[in-house]
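Single-structure report; data block below.
Read the numbers this way: they start at 1 and go in the same order the structure lists the ligands and their atoms.
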Amino acid sequence: MSLPKNFLWGGATAANQFEGGVFEGGKGLSTADVVTAGSHTVSRRITFTTKEGEECAQDIMPYKGLPEGAVCGLQDGQYYPSHVGIDFYHHYKEDIALFAEMGFKCFRLSVNWARLFPVGDETEPNEEGLKFYDAVFDELRKYNIEPVVTISHYETPLGLANKYGGWLDRRCIGFFENYCRTLFTRYKGKVKYWMTFNEINIMGMLPFFAGGVTQMTPQVQAQAVHHQFVASAKVVKMGHEIDPENKIGLMIAYGATYGLTSRPQDQALAMENTKKYHFYSDVMVRGYYPAYQLKEYERQGVKLEMEAGDDQILKEGCVDYLGFSYYTSSCVSSEEGEDIGGNFSMGVKNPYVKASDWGWQIDGIGLRIALNTLWERYQKPLFIVENGLGAVDKVEADGSIQDDYRIAYLKEHIEQMDIAVNVDGVDLMGYTPWGCIDLVSAGTGEMKKRYGFIYVDRDDEGNGTLARSKKKSFDWYKKVIASDGADLEN
Ligand code: BG6
């Protein structure tokens, strides 16, 4: 089987994880720039100064909120991996040429909001920042690679966190609108595919990471997310008005959720868990809050502050497509089980699947289930904008990297994607494996958790030449694209 000729094969990245150039071109700091590197066992930390002037740090996960009056900023002696990333800022021509060599039809990247609006609340954008993305989009167009742009990917301008407490403050809607108006007008004709907020559902768990929110209570989370929903809906409408060619999607972290056994209690729990994903897409695709979430808010004592007109805005700003990340499925049990995580999801160990070195359970069939569930629920085009295996790669004496494990993971997932399209009739726009070039891990800040087809010489302490080299999976993916997904053999 194969996928349609116009299928968008490509790869995905995010500015804070690969762009670097944090102190160049007039860029301001973003929330990601004050988050230290962690490891498999140590959480990444947000650095800040208390109102008493003491320098402190707070784990990103589990996030407890920052003390009142905390001001986030850089501290001496800390290592912040976003500052250099893999230095795409200076390597973009070389990197895009490699993507073109693999035959990419599209490339997903994010615009670093603080590169255009260094504090976040300015009225006029930073021209130098705009020029950088002009150059990147032009370079992509040179090779007929379609840019797929995430507007906000875990990189809220730090000024919005420090001055406003992030997305809890309704004024962020206006700042975001101003930012998006700039993007849609400046890059009209250069960019057609957009997504508003990366993994918006992570706002429920890590609101600082996902939206610069400095407090952490159910009320705060709900209100901040409401502001993002309204902002997203407003800019979807605006984007269509500025250029009717624009396709503007949502982006959620997604995964199939299984009950561990056929005990009805386990199945009910799986249903409950799935609602936690669907809440976000329900609002953004259908344009209103689902009843189950309003009931949940009632139980939690959450009172959403909505302005007159918000309902209408949500209705008028429904997204054109659903982008989602899929790395793993999760399994839940109404009884005790061995806890296991994976891309911010928690659950119990599934005895029928293997897990990655980072404990993320590997389940290609879960991708087919996820595609079918979303398609049946919404009947809107889907886009797999992240998928892949984070693994330690070994550079052999001859410089080669034999990443057969990565090829096996991707093959398993592409096969299921193919079944979803050709057997189940799912409308799938494209596939952009995560970290197509090695980059900094969002969850741990490590470099050694690699996803790429392209190896980057950089380690967890920031050492290395930043030289790029092709892994075995590079030629394999090139062949997959050239055959429209028909030839998956290693
Ligand atoms: C998604 C994010 O959660 O998963 C990416 O959108 C992230 O930013 C990716 O990098 C993989 O997670 P990690 O923790 O392995 O980098």
is_close_aromatic(Phe279, Phe229), centroid dist under 6.0 Å | yes

Quick check, are the ring centers of Tyr164 and Phe175 under 6.0 angstrom apart?
-> yes

Going by the angle between their ring planes, with limits at 30° and 60°, are [X] and [Y] parallel, tilted or perpendicular?
X	Y	result
Trp113	Trp167	tilted
Tyr187	Phe137	perpendicular
Tyr193	Tyr321	perpendicular

Atoms of ligand 1, numbered as shown, that sit under 4.0 Å from any heavy atom of [X]:
X	result
Glu386	1 (C), 2 (C), 4 (O), 5 (C), 6 (O), 9 (C)
Lys449	13 (P), 14 (O), 15 (O)
Tyr327	4 (O), 9 (C), 11 (C)
Ala442	7 (C), 8 (O), 10 (O), 13 (P), 14 (O), 16 (O)

So, is Gln17 polar-close to ligand 1, with some N/O to N/O distance under 3.5 Å?
-> yes

Indicate yes or no: does an N/O atom of Gly443 lie under 3.5 Å from an N/O atom of ligand 1?
->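 Yes: some nitrogen or oxygen of Gly443 is under 3.5 Å from one in ligand 1.
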
Side chain, backbone, both or neither: which applies to [X] and ligand 1 if a contact is any heavy-atom pair less than 4.0 Å apart?
X	answer
Ser441	both
Trp360	side chain
Asn198	side chain

So with a 6.0 Å cut-off around CD1 of Ile365, is the heavy-atom count from everything else above 12?
-> no

Indicate whether the side chain of Asn246 and that of Trp194 have a donor and an acceptor atom separated by less than 3.5 Å.
-> yes

